Participant: 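Below you will find the structure I want to go over with you.
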Protein chains: 2
Amino acid sequence: MLRFTKRSEYGLIALAYLGGQGDSYCSAREIVDTLGLPRRLCAEILKSLSTAGLVEAIRGPGGGYRLKREPSGLSLSEVITVLEGPLRMANCANGGECEKEAACLIATGVNRVADDIQGVLSSFTLADLIAEAQAKINAPTPAIQV
Amino acid sequence: MLRFTKRSEYGLIALAYLGGQGDSYCSAREIVDTLGLPRRLCAEILKSLSTAGLVEAIRGPGGGYRLKREPSGLSLSEVITVLEGPLRMANCANGGECEKEAACLIATGVNRVADDIQGVLSSFTLADLIAEAQAKINAPTPAIQV
DNA sequence: ACAAAATAGCACCATTTCAGTGCCTTTTCA
DNA sequence: TGAAAAGGCACTGAAATGGTGCTATTTTGT
C-alpha cells in the first residue's frame with residue numbers, strides 16, 4: 001500500500017541521474033541505457049516532466065534533457081504530483097462523490113493524515129536523493145554503462 | 001497516488017464506528033447497514049481485523065464485533081498494515097529483485113521517505129479519527145439508522 | 001431440539017490501473 | 001541531407017481492486 005508507481009520511481013531515478021550530470025544535456029537514450037530502464041515508458045515520463053517544466057528538453061543531435069531547477073528546490077511532492085496526479089487518500093476526501101455519510105466518518109481525520117504525508121513529501125527534495133545517489137554514480141565503477 | 005485502498009478506508013470507518021459504541025458488540029450487519037458499506041467486503045475486512053487481533057468477534061445471536069483495544073492505542077499504521085500489507089514505496093526498497101543498479105540510485109532516499117510516512121501513520125490513532133467522527137455520529141441525527 | 005442470528009470460508013467476476021511496447025513525425029545539428 | 005533526438009498516438013497484457021453469492025459453522029434463546 002501507499003507505494004510509488006513505476007512512473008514516479010523511474011521519474012525520480014531519471015531526475016536523480018540528471019541531477020548528477022550538471023548542466024549538460026542527456027538524451028533519453030543515454031539515461032535508459034545507463035540505468036537499464038524501459039525506453040518508451042521513460043520517454044513518456046521525461047516528456048511529462050518536460051511539459052510540467054521540471055526539466056528542459058532540447059531536440060536534435062546533442063540535445064536531450066536537463067534539470068530546469070536546482071535539485072534542492074525540487075520537492076518529491078512536486079515530482080510525484082506531476083507524474084501521478086494529486087494525492088487523494090480516501091475517495092470522499094477529494095472531488096466528492098461522498099453520498100454516504102460513512103466515508104465522512106473519517107474524512108476529516110484522513111485529510112489530516114494526508115496533509116502530514118504531503119508534508120513529508122514536500123520536505124524531501126531531489127537533492128536528498130542525489131546525495132545518496134552520488135556515491136553510487138561516481139564510486140565503484142567509473143560510470144555504469146551499457 | 002499514495003491512496004488508501006477501500007479495504008483500509010472501510011476498515012477505518014468500521015473501526016471508528018466500533019470505537020463509538022463502547023463495549024457492546026455490533027454485528028457486521030448493523031455496521032454496514034448503518035454506514036452504507038458493501039456487506040461482503042466489510043465482512044472480510046472485519047474478519048481480517050479479527051484475525052489480527054484488533055477486534056474481538058463473537059458468534060451467534062447478540063454477537064458481533066468490538067474493539068479489543070483502546071482506540072488511542074491503535075495506530076493507523078497498524079490497521080493499514082493488517083489490511084494492505086507492509087509499506088513498500090519502491091520495489092527495490094523491499095523484498096529485493098533489485099538487479100538493476102538503477103532502482104538503487106534512489107533506494108536509500110526513498111526508504112527514508114517511507115520511514116517518515118510510516119511515522120506519520122504511526123502517530124495517528126483510531127482515537128484521532130473517532131474524535132472527528134463523534135460529532136457526526138452523535139450530533140445532527142440521534143444516530144444514523146436503517 | 002429447533003430456529004434464528006451471526007461469523008467464517010470459498011470461489012468467482014468486472015473494472016480499473018499500471019507497465020510496457022511499436023511505429024511514425026518533427027525538429028535540429030553537422 | 002542524413003542522423004540524432006524529442007514528441008505523439010494507439011495498443012496490449014497483467015495485476016490489483018472492488019464487489020458479490022452461496023454455503024458452513026457456531027451459538028443463543030425459546
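Note that the structure is predicted; figures quoted are calculated from it, not measured. In what follows, every chain begins at residue 1, and chains take the letters A, B, ... in the order their sequences are listed.
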Participant: Could you tell me how far apart B:Lys6 (NZ) and D:dA16 (C1') are, to the nearest whole angstrom?
Facilitator: 15 Å
Participant: To the nearest angstrom, how far is B:Ile45 atom CD1 from D:dT17 atom C1'?
Facilitator: 11 Å
Participant: Send over the distance from A:Glu84 CD to C:dC18 P, rounded to a whole Å.
Facilitator: 7 Å
Participant: Between A:Pro61 and A:Ser50, just flag the one whose closest nucleotide in DNA chain D comes earlier from the 5' side.
Facilitator: A:Pro61
Participant: Strictly below 4.0 Å, N to O, side chains only: are B:Asp33 and B:Arg39 in salt-bridge contact?
Facilitator: yes
Participant: Does the distance from a Lys or Arg side-chain N to an Asp or Glu carboxylate O, for A:Glu9 and A:Arg3, drop under 4.0 Å?
Facilitator: no
Participant: Looking at the side chain of A:Tyr65, which of C:dA8, D:dA6, C:dA11 is the nearest nucleotide?
Facilitator: D:dA6
Participant: B:Leu41 CG to C:dA8 P: how many Å, rounded?
Facilitator: 15 Å
Participant: Closest nucleotide of DNA chain C for B:Gly64 versus for A:Gly62: which of these residues is on the 5' side?
Facilitator: B:Gly64
Participant: Whole angstrom is fine here: how far is it from CZ in A:Arg39 over to C1' in C:dC23?
Facilitator: 15 Å
Participant: Backbone N or O of B:Thr125 within a donor-acceptor pair of the B:Asp128 side chain at under 3.5 Å?
Facilitator: yes
Participant: Quickly work out the B:Glu30 CD to C:dA5 P distance and round it to whole Å.
Facilitator: 15 Å
Participant: Between C:dA19 atom P and A:Ile13 atom CD1, what is the distance in whole Å?
Facilitator: 12 Å
Participant: Could you pick out which residue, A:Ile58 or A:Glu44, lies toward the 5' side of DNA chain C when each is mapped onto its nearest nucleotide?
Facilitator: A:Glu44
Participant: Between D:dA5 atom C1' and A:Glu56 atom CD, what is the distance in whole Å?
Facilitator: 15 Å
Participant: Confirm from the modelled atom types if B:Arg40 and D:dG21 form a donor-acceptor pair under 3.5 Å, side chain to base only.
Facilitator: yes
Participant: Using distance alone, with no hydrogens and no angle criterion, decide if B:Glu56 and B:Ser50 have a side-chain donor and acceptor under 3.5 Å apart.
Facilitator: no
Participant: Quick check against the 3.5 Å criterion: does B:Ser8 have a side-chain atom that pairs as donor or acceptor with the backbone of B:Phe4?
Facilitator: no
Participant: May I ask you to verify if any side-chain N or O of A:Tyr10 is less than 4.0 angstrom from the OP1 or OP2 atom of C:dG20?
Facilitator: yes
Participant: Taking the side chain of B:Thr5 as its heavy atoms from C-beta onward, which of D:dG18, C:dA4, C:dA19 lies nearest to it?
Facilitator: D:dG18
Participant: Base, sugar-phosphate or nothing for B:Ala43? Non-hydrogen atoms, less than 4.0 Å.
Facilitator: nothing
Participant: For the side chain of B:Arg59 and the base of D:dT25, is some donor closer than 3.5 Å to an acceptor across the two?
Facilitator: yes
